[in-house]
Amino acid sequence: VLPTDGSGMFELPFDYLIVATGASPAVSAPVAEEAPADDPPRLFALDALRTLELRETLRELAAGRDPGGFRVSVVGAGASGIQYAFELAEALRRLGLPGAVRVLDEGDRTLPEMPPRVHEYVAQRMACAGIEWLPGCRFEQQQGETLHYRAVDAGAQHTAPSQLTLLLAGVKAYPEPIATNRFGQI
């Protein structure tokens, strides 16, 4: 170990060493064009959600919409994406705001790290909560109030209305992955 105060190197015995290099979002947040200055932001990644006042943003974006015309999209069907989808659906209900939530993911099921029966349960609960599930869809971009995505299998491009889109498609190692053997050893 080499202390940052320059006091000299020393040995420190250990059984396991965790090298945590950090992470960055697995999906970047491309925007097709600059939005007008008076238009609120519509695309948020996980790091931006820490500062987003979601309740006020929902009210602002839903103001003046026709019933059922307000759409929120969540990109990513892992733990964070599913949690936010349910929270958003409940927030819309509690605030009395018209609208719906959709979840899209490149995979064919929610919570892919869990057993398949967990996906079946979550998909059923999403349907009961009115959350639309779009499996096999890759996020392309948010342009104004339009979400652009592509079908993974056929490559067909699609658009859908989305006044607010959250990018919660997981993380990847940053600045870069560290090569390990099959036991996770460096």
Side-chain angles (χ1 to χ4, degrees), residues 24-112 119 122-123 125-172:
S24 63
V27 176
S28 60
V31 178
E33 61 187 42
E34 288 293 318
D38 60 340
D39 194 27
R42 302 192 180 276
L43 181 65
F44 295 92
L46 183 59
D47 56 343
L49 291 176
R50 291 185 188 106
T51 60
L52 177 67
E53 183 57 50
L54 201 51
R55 184 177 313 190
E56 290 307 313
T57 301
L58 288 173
R59 281 191 179 126
E60 181 181 333
L61 292 173
R65 297 259 173 222
D66 293 330
F70 180 69
R71 297 284 184 265
V72 179
S73 299
V74 177
V75 178
S80 294
I82 296 300
Q83 178 69 33
Y84 267 95
F86 278 105
E87 294 294 333
L88 285 163
E90 178 63 17
L92 289 172
R93 188 190 67 73
R94 275 194 203 162
L95 295 170
L97 299 174
V101 177
R102 81 169 54 86
V103 175
L104 63 138
D105 192 89
E106 291 184 16
D108 60 353
R109 64 187 184 99
T110 62
L111 301 170
H119 159 73
V122 170
R125 300 303 308 150
M126 287 171 58
C128 289
I131 300 170
E132 181 182 10
W133 164 233
L134 299 175
C137 295
R138 178 177 294 126
F139 170 80
E140 296 282 320
Q141 67 182 355
Q142 177 80 22
Q143 186 174 20
E145 293 189 359
T146 303
L147 171 71
H148 296 260
Y149 63 95
R150 180 181 302 273
V152 173
D153 58 354
Q157 292 183 326
H158 300 279
T159 61
S162 185
Q163 286 72 41
L164 176 65
T165 299
L166 307 180
L167 289 178
L168 302 171
V171 295
K172 62 183 177 183

Worksheet entry | For the student: nearest non-hydrogen atoms of V103 and A77, plus distance | CG1-CB, 4.0 Å
Worksheet entry | Nearest atoms (heavy-atom pairs only) where G107 meets D105 | N-OD2, 2.7 Å
Item to complete: Kindly give the heavy-atom pair with the smallest separation between V152 and C137, and that separation in Å.
Response: CG2-N, 4.0 Å
Practice prompt. Flag the pair F139 / R150 as yes when at least one side-chain heavy-atom distance between them is below 4.5 Å, and no otherwise.
Written response: no
Worksheet item: Is R102 reaching over with its side chain to a backbone N or O of S73, donor-acceptor style, under 3.5 angstrom?
Response: no
Item to complete: With side-chain contact (heavy atoms from CB on, under 4.5 Å) as the test, would you mind laying out the steps for L164 and F44 before giving the verdict?
Response: CA-CA 8 Å; L164 176 65; F44 295 92; 3.4 Å; yes
Discussion item. Is it the case that the side chain of Q142 and the backbone of G144 share a donor-acceptor pair, with hydrogens and angles ignored and the cut-off at 3.5 Å?
Written reply: yes
Worksheet item: Does some side-chain heavy atom of L166 sit less than 4.5 Å from a side-chain heavy atom of L88?
Response: yes
Practice prompt. Start with the C-alpha distance between Q143 and H148, add both sets of side-chain angles, then the distance that settles side chain to side chain donor-acceptor pair (under 3.5 Å), and finish with yes or no.
Written response: CA-CA 8 Å; Q143 186 174 20; H148 296 260; 3.2 Å; yes
Discussion item. Are the side chains of L92 and F70 in contact, using a 4.5 Å heavy-atom criterion?
Written reply: yes
Worksheet item: If we only count heavy atoms from C-beta on, is the T159 to L147 side-chain gap below 4.5 Å?
Response: no
Worksheet entry | Close side-chain approach of V101 and F86, heavy atoms under 4.5 Å | no
Practice prompt. Please confirm whether the backbone N or O of R71 pairs with a side-chain atom of Q163, one donor and one acceptor, at under 3.5 Å?
Written response: yes
Item to complete: For T110 and H119, test the side chains for any donor-to-acceptor distance below 3.5 angstrom and give the result as yes or no.
Response: yes
Worksheet item: Is E106 reaching over with its side chain to a backbone N or O of P135, donor-acceptor style, under 3.5 angstrom?
Response: no
Worksheet item: What distance separates L134 CG from H158 NE2, expressed to the nearest 0.5 Å?
Response: 9.0 Å
Worksheet, complete the sentence: Nearest heavy-atom approach of A160 to Y149 is CB-CE2, 4.1 Å
Practice prompt. Step by step, work out the side-chain contact (heavy atoms from CB on, under 4.5 Å) result for V122 and I82.
Written response: CA-CA 8 Å; V122 170; I82 296 300; 3.9 Å; yes
